[in-house]
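First up is the structure itself, then whatever we jot down about it.
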Amino acid sequence: MRWDATQRCHALAANGILTDEGGRFGVTGLGASLLARRMADFPALVSRRLRFVQYAGSTRTSARRDILTEGGYALEFRPLLERVNAAVPVDERIHAAHRVNVPMYNPVGLREILANAIAHQDFQAHPSLIAVELYEDRIEVTNPGEPLLDPRRFAEDTRPRNLSLALMMRELKMCEARGSGVQRTLEANEETGAADPKFYAGDGLTKAVLIGKHDFMTMSASERNWAAFMHACRMWAGRRPMTNNTFRNRYGLADGRSSLVSLHIQQAMDEGLIVPMDAESSSRRYARYIPFYAGL
């Protein structure tokens with residue numbers, strides 16, 4: 001059955017894309033944010049567009065490219081990701097006797113982080129673009145508004161701010177709407193050995209930072225401690241504890257690195273990121289750990 005224009009409009013109204021006032025149709029904020037050809041035509045959305053900036057170094061001193069998108073999120077989401085992924089450096093590795101190029105940042109993880117930034121932005125916050133900034137040593141994805149919960153709990157609970165937007169993004173195959181975006185990022189990073197993102201909130205913004213490292217030994221001490229926490233979060237999503245062995249397997253570390261891993265597990269505990277699952281156990285070798293929020 002072919003629908004005429006009026007039937008299509010009624011269907012779009014039923015999904016919150018259009019308003020319907022007795023057969024007179026208008027565009028909703030949801031519809032404009034997703035499908036507008038020019039978001040600048042909607043005053044409330046002109047500062048909510050997507051922006052991609054690639055810098056020449058590790059600071060904002062020199063930009064190689066600065067792209068501000070025009071259309072709604074559904075129109076610009078994939079093209080922007082393609083631009084970012086095309087600009088991301090690759091590492092050459094040997095796999096099964098063949099040389100393969102591995103992107104510094106996992107494309108699946110980057111997609112989920114950007115989708116989260118769109119879906120969880122605060123439309124009531126001070127107007128600000130959703131920015132993807134590519135530096136030589138990291139990617140930062142920033143959205144307006146601070147989260148509704150501690151960013152350290154993103155892997156467990158997302159508490160969607162814009163449920164209608166998240167649901168429509170799911171219908172358009174842009175993201176998951178089940179609160180599994182960060183979990184999917186951790187899963188994708190584990191498959192490729194990439195480091196997990198770190199999340200910050202403050203000054204009316206939420207930021208995810210991807211460091212692009214694959215070698216545990218090149219990470220700083222604080223990055224290793226955060227890696228222990230993120231791995232504990234990943235394990236606890238399946239209601240399993242982290243151990244020294246699972247952490248070593250996550251980063252491909254040999255048994256001889258057990259003491260080093262124990263050191264950073266202890267430091268992650270000192271920072272209040274993880275806790276022992278068996279508080280009364282004195283065994284270090286068989287100790288099990290869970291995120292700090294697991295018992296809350």
Side-chain angles (χ1 to χ4, degrees), residues 38-40 45-73 75-93 99-118 120-122 125-147 151 154 174 182 185 188-189 192-224 226-227 230:
R38 277 177 42 86
M39 289 180 74
L45 298 176
V46 65
S47 297
R48 302 294 181 177
R49 291 176 288 174
L50 303 178
R51 182 187 186 190
F52 169 47
V53 186
Q54 181 182 7
Y55 299 102
S58 59
T59 69
R60 292 176 172 171
T61 305
S62 177
R64 291 179 177 173
R65 69 180 72 181
D66 189 342
I67 300 172
L68 181 60
T69 62
E70 291 292 333
Y73 303 132
L75 305 182
E76 302 286 2
F77 180 72
R78 290 180 179 85
L80 183 74
L81 283 175
E82 289 173 359
R83 292 190 185 101
V84 177
N85 287 322
V88 164
V90 297
D91 293 328
E92 189 178 75
R93 300 183 184 180
R99 293 182 183 274
V100 295
N101 290 327
V102 179
M104 184 179 292
Y105 305 98
N106 190 295
V108 174
L110 180 57
R111 181 196 70 201
E112 296 297 335
I113 292 296
L114 179 56
N116 272 8
I118 296 172
H120 294 283
Q121 65 179 298
D122 184 356
H126 182 77
S128 177
L129 301 170
I130 297 174
V132 180
E133 298 174 288
L134 173 60
Y135 299 84
E136 67 176 4
D137 59 351
R138 68 192 185 281
I139 291 179
E140 297 184 0
V141 181
T142 307
N143 65 268
E146 297 184 27
F154 279 2
M174 294 172 62
V182 174
T185 298
N189 286 344
T192 60
D196 293 319
K198 191 166 186 177
F199 305 98
Y200 301 89
D203 297 325
L205 299 170
T206 301
K207 179 178 294 187
V209 179
L210 295 79
I211 62 173
K213 296 181 180 179
H214 292 73
D215 185 352
F216 184 80
M217 301 307 296
T218 66
M219 296 181 187
S220 67
S222 62
E223 289 169 348
R224 293 175 183 177
W226 182 260
M230 284 284 96

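- Applying the side chain to side chain donor-acceptor pair (under 3.5 Å) criterion to Arg78, with sequence neighbours excluded, gives no partner residue.
- Between Leu114 and Ile130 the shortest side-chain heavy-atom distance falls below 4.5 Å.
- Annotation: the span from Arg83 atom CZ to Leu50 atom CG amounts to 10.0 Å, rounded to 0.5 Å.
- Judged as a side chain to side chain contact (heavy atoms under 4.5 Å, CB included), and not counting sequence neighbours, the contacts of Leu45 are Ala32, Ser33, Met39, Phe42, Arg48, Phe123.
- Between Ser58 and Arg138 there is a side-chain heavy-atom pair separated by less than 4.5 Å.
- Remark: Arg51 CZ to Leu80 CG distance equals 12.0 Å, nearest 0.5 Å.
- Residue Gly71 comes nearest to Glu76 through the heavy atom pair N-OE2, 2.8 Å, listed as atom of the first residue, atom of the second, then distance.
- For Phe199, the ring pair (Phe, Tyr, Trp, His ring centres under 6.0 Å) partners are Phe154, not counting sequence neighbours.
- Nearest heavy atom pair, residue Met219 against residue Ala195, reads CE-CB, 3.6 Å.
- Looking at every heavy atom in both residues, Met230 comes nearest to Asp196 through CB-OD2, 3.4 Å.
- Applying the side chain to side chain donor-acceptor pair (under 3.5 Å) test to Tyr105 and every residue at least two apart in sequence or in another chain returns nothing.
- Remark: Asp137 pairs with no residue by the salt bridge (charged side-chain N to carboxylate O under 4.0 Å, His left out) rule, at least two apart or across chains.
- Formation of a donor-acceptor pair under 3.5 Å by the Asn85 side chain with backbone atoms of Pro107 is not found in this model.
- A cation-pi contact, defined as under 6.0 Å to the ring centre and within 45° of the axis, links Arg224 to Phe216.
- Judged by distance alone, the side chain of Glu112 and the main-chain N or O of Gly109 form no donor-acceptor pair under 3.5 Å.
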For residues 206-213, dump all side-chain donor-acceptor pairs below 3.5 Å to protein atoms at least two apart in sequence or in another chain.
unit_1	atom_1	unit_2	atom_2	d
Thr206	OG1	Gly145	O	2.7
Lys207	NZ	Glu140	OE1	3.2
Lys213	NZ	Thr218	O	3.2
Lys213	NZ	Glu223	OE1	3.0

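- In this structure, Ile113 CD1 and Ile139 CD1 are separated by 10.5 Å, a value rounded to the nearest 0.5 Å.
- Not counting sequence neighbours, the partners of Ala131 by the side chain to side chain contact (heavy atoms under 4.5 Å, CB included) test are Glu133.
- Considering only residues two or more places apart in sequence or on other chains, Arg49 meets the salt bridge (charged side-chain N to carboxylate O under 4.0 Å, His left out) condition with Glu70.
- The two atoms that bring Arg60 and Tyr135 nearest to each other are NE-OH, 3.1 Å, heavy atoms only.
- Under the side chain to side chain donor-acceptor pair (under 3.5 Å) criterion, Thr61 pairs with Thr59, not counting sequence neighbours.
- Residues satisfying the side chain to side chain contact (heavy atoms under 4.5 Å, CB included) test with Asp122, not counting sequence neighbours, are Gln124, Ala125, Arg161.
- Rounded to the nearest 0.5 Å, atoms CG (Asp66) and OH (Tyr55) are 7.0 Å apart.
- Considering all non-hydrogen atoms of both residues, Val141 and Ala117 come closest at CG1-CB, 3.8 Å.
- With sequence neighbours excluded, no residue satisfies side chain to side chain donor-acceptor pair (under 3.5 Å) with Ser62.
- The two atoms that bring Phe52 and Ala87 nearest to each other are CZ-CB, 4.2 Å, heavy atoms only.
- Leu205 pairs by the side chain to side chain contact (heavy atoms under 4.5 Å, CB included) definition with Ser128, Thr142, not counting sequence neighbours.
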